[in-house]
There are 2 protein chains.
Amino acid sequence: MIRAKTNEMERESSPEKVEQILQGAMQEFLAHGFAGTSMDRVAAAAGVSKATVYSHFADKEGLFKALIERLARKKFQLIFGSEPLEGEPLEVLRQVGTRALEQMSTDQEHSAFMRVLIGESGRFPELAQICVNSMIKPTLVALKKYLASHPELKIRDPEAMARILLGSLVHFHITQEVLHGENIIPMKGDRIIDTMIDLLEKSVRAS
Amino acid sequence: MIRAKTNEMERESSPEKVEQILQGAMQEFLAHGFAGTSMDRVAAAAGVSKATVYSHFADKEGLFKALIERLARKKFQLIFGSEPLEGEPLEVLRQVGTRALEQMSTDQEHSAFMRVLIGESGRFPELAQICVNSMIKPTLVALKKYLASHPELKIRDPEAMARILLGSLVHFHITQEVLHGENIIPMKGDRIIDTMIDLLEKSVRAS
DNA sequence: GTCTATACTAAGATAGAC
DNA sequence: GTCTATCTTAGTATAGAC
């Protein structure tokens, strides 16, 4: 019969290969950056030939962009895409902050992603902007809305406050893990969070 | 006479060439990162031959490290190495913050330096640590000491507070300029500073 | 000390078989 | 669709002349 010409193993194996390629690309690009990564090593890490890589992605740049866009979505959901915020505001903020810090330091991939994203933001500005749009902006908007929806917190500028909260945590992560400062300027992340909550609490009392 | 053997143009022109090389290296490394930079282009940008570059620096890595260490010193002094802090504390903090934000966004070199430093921190951890030691740590220590020396600010954990203040500003700079988010999530830097000062002021009143 | 010319290696991308 | 083999360019580093 005619259908026999297409056996089970070869019909549309593309989706599978694409996934393999992206996995290999992730390993290599996150470890060595764009310029430091060779397509040979990507192919090897993916377990396919170089020609197969080029049959699914136009060139090195196309593969890189596809990977980063994919990772941007994934990272956002992993860190801030949890359950909706409910409960006593300051306690909620403490929990969210603690979870975010923990998630960032647990996930080794996250530090590597930040390195590549920031490191290549000069040569791939559109890519950086995609990440701003799909990670940073949604986080800031969610935080801002949460702060604004709790007038008892007496926050004049929720948008600016959201930046302060997020910035403090992300910068802490950058100095400690991304830049390997843990042993040079050691500090428990909880102190950042405690101090921020303390500030907010006093701010409520003073208003 | 014997001294004539050494004419004016050739005796010890090294320091001059070294400076040229470092200038060229800065231009190239800051624009393209470590792996993306070729020694050919460094030599061309420096206006010397490639062999001359190699006669002063062991290899590409050695040149890169020399450059980054040099820049770390320079950047710190440029942004935070100003006059000692005097005057009403909250007003001093506002001025320092404003100056820092302005300096960071004015100096195009600074964004490029952050990109390279963070981007290469995975492959050059020692280099990242040198920058933590010569830039971030001194800044945090100075801030902490300032905060601690003004008990009227009623700050329980000056060290953590220093991190919050610095982190908010640096993260703002990263999102707006380094990651090109200015048009996506626009905001005047003053709002960050105003909000932080407002928080500190209310914190004083509540204590 | 500095240059020109070159050895050697690796990388991006593709042609052609199956 | 996927592979092996290959073309071509570009990069690091050095040898040898001046």
Side-chain angles (χ1 to χ4, degrees), chain A residues 2-68 116 120 123-124, chain B residues 3-25 27-68 116 120 123-124:
Chain A
I2 296 167
R3 287 191 72 260
K5 256 187 82 181
T6 307
N7 77 37
E8 311 86 317
M9 291 276 78
E10 65 186 330
R11 55 122 196 253
E12 283 307 299
S13 61
S14 294
E16 198 177 311
K17 295 277 179 184
V18 168
E19 185 56 35
Q20 283 184 48
I21 294 168
L22 285 170
Q23 279 294 326
M26 181 171 76
Q27 193 182 117
E28 295 300 316
F29 279 125
L30 287 192
H32 308 108
F34 179 76
T37 294
S38 78
M39 294 297 264
D40 286 86
R41 292 181 60 158
V42 168
V48 301
S49 78
K50 201 158 50 159
T52 299
V53 176
Y54 278 99
S55 81
H56 290 281
F57 299 91
D59 52 16
K60 189 181 174 183
E61 198 170 313
L63 175 57
F64 182 65
K65 288 181 179 175
L67 174 73
I68 297 298
V116 174
E120 307 295 348
R123 272 186 295 178
F124 297 96
Chain B
R3 287 190 73 260
K5 254 188 84 179
T6 308
N7 78 38
E8 312 86 317
M9 290 278 77
E10 65 185 330
R11 57 119 197 253
E12 283 308 299
S13 61
S14 294
E16 199 176 310
K17 295 277 179 182
V18 168
E19 186 55 34
Q20 282 184 48
I21 294 168
L22 285 170
Q23 279 295 326
Q27 192 182 117
E28 295 301 314
F29 280 125
L30 287 191
H32 308 107
F34 179 76
T37 293
S38 78
M39 294 297 263
D40 286 85
R41 293 180 59 159
V42 168
V48 300
S49 78
K50 204 160 45 160
T52 299
V53 175
Y54 278 99
S55 81
H56 290 281
F57 298 92
D59 52 17
K60 189 182 174 183
E61 197 170 313
L63 174 57
F64 182 65
K65 289 182 178 175
L67 174 73
I68 297 299
V116 174
E120 307 295 349
R123 272 186 296 177
F124 297 97

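Per chain, numbering begins at 1; letters A, B, ... match sequence-line order. Side chains are part of it too, since the values below use all heavy atoms of this structure and drop only hydrogens, waters and symmetry mates.
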Interatomic spacing from CG in A:Leu30 to OG1 in A:Thr37 - rounded to 0.5 Å
8.5 Å
Set of salt bridge (Lys or Arg N to Asp or Glu O under 4.0 Å) partners for B:Asp40, sequence neighbours left out:
B:Lys50
Let me know, please, whether A:Arg41 or B:His56 comes out on the 5' side of the other along DNA chain C by nearest nucleotide.
B:His56
The contact string for nucleotides 13-18 of chain D, one letter per nucleotide 5' to 3', using protein heavy atoms under 4.0 Å with B, S and - for base, sugar-phosphate only and none, comes out as BBB---
Contact check, side chains of A:Phe29 and A:Lys60, non-hydrogen atoms, under 4.5 Å:
yes
Could you check if a side-chain atom of B:Phe57 sits within less than 4.5 angstrom of a side-chain atom of B:Leu22, using non-hydrogen atoms only?
yes
Rounded to the Å, how far apart are A:Phe57 CZ and C:dA13 C1'?
16 Å
Compare every heavy atom of A:Val116 with every heavy atom of A:Gly33, then report the nearest pair and how far apart it is.
CA-CG2, 4.4 Å
State, to the nearest 10°, the angle formed by the axis through the first five base pairs of the helix from C:dG1-D:dC18 to C:dC18-D:dG1 and the axis through its last five.
10°
Hey, is CZ on B:Arg41 packed in by over 12 heavy atoms from elsewhere, all under 6.0 Å?
no
Please tell me which of the listed nucleotides, D:dC3, C:dT2, C:dG12, lies nearest to the side chain of A:Val48?
D:dC3
Give the nucleotide from the list C:dT2, D:dT2, D:dG11 with an atom nearest to the side chain of A:Ser49.
D:dT2
Check the distance between D:dT12's C1' and B:Phe64's CZ and give it to me in whole angstrom.
16 Å
Can you tell me how far the CE atom of B:Met39 sits from the CG atom of B:Asp59, to the nearest 0.5 Å?
7.0 Å
Rounded interatomic separation in angstrom, taking NE2 from A:His32 and C1' from C:dA11
15 Å
Under 3.5 Å: donor-acceptor pair, side chain of B:Glu120, backbone of B:Phe34
yes
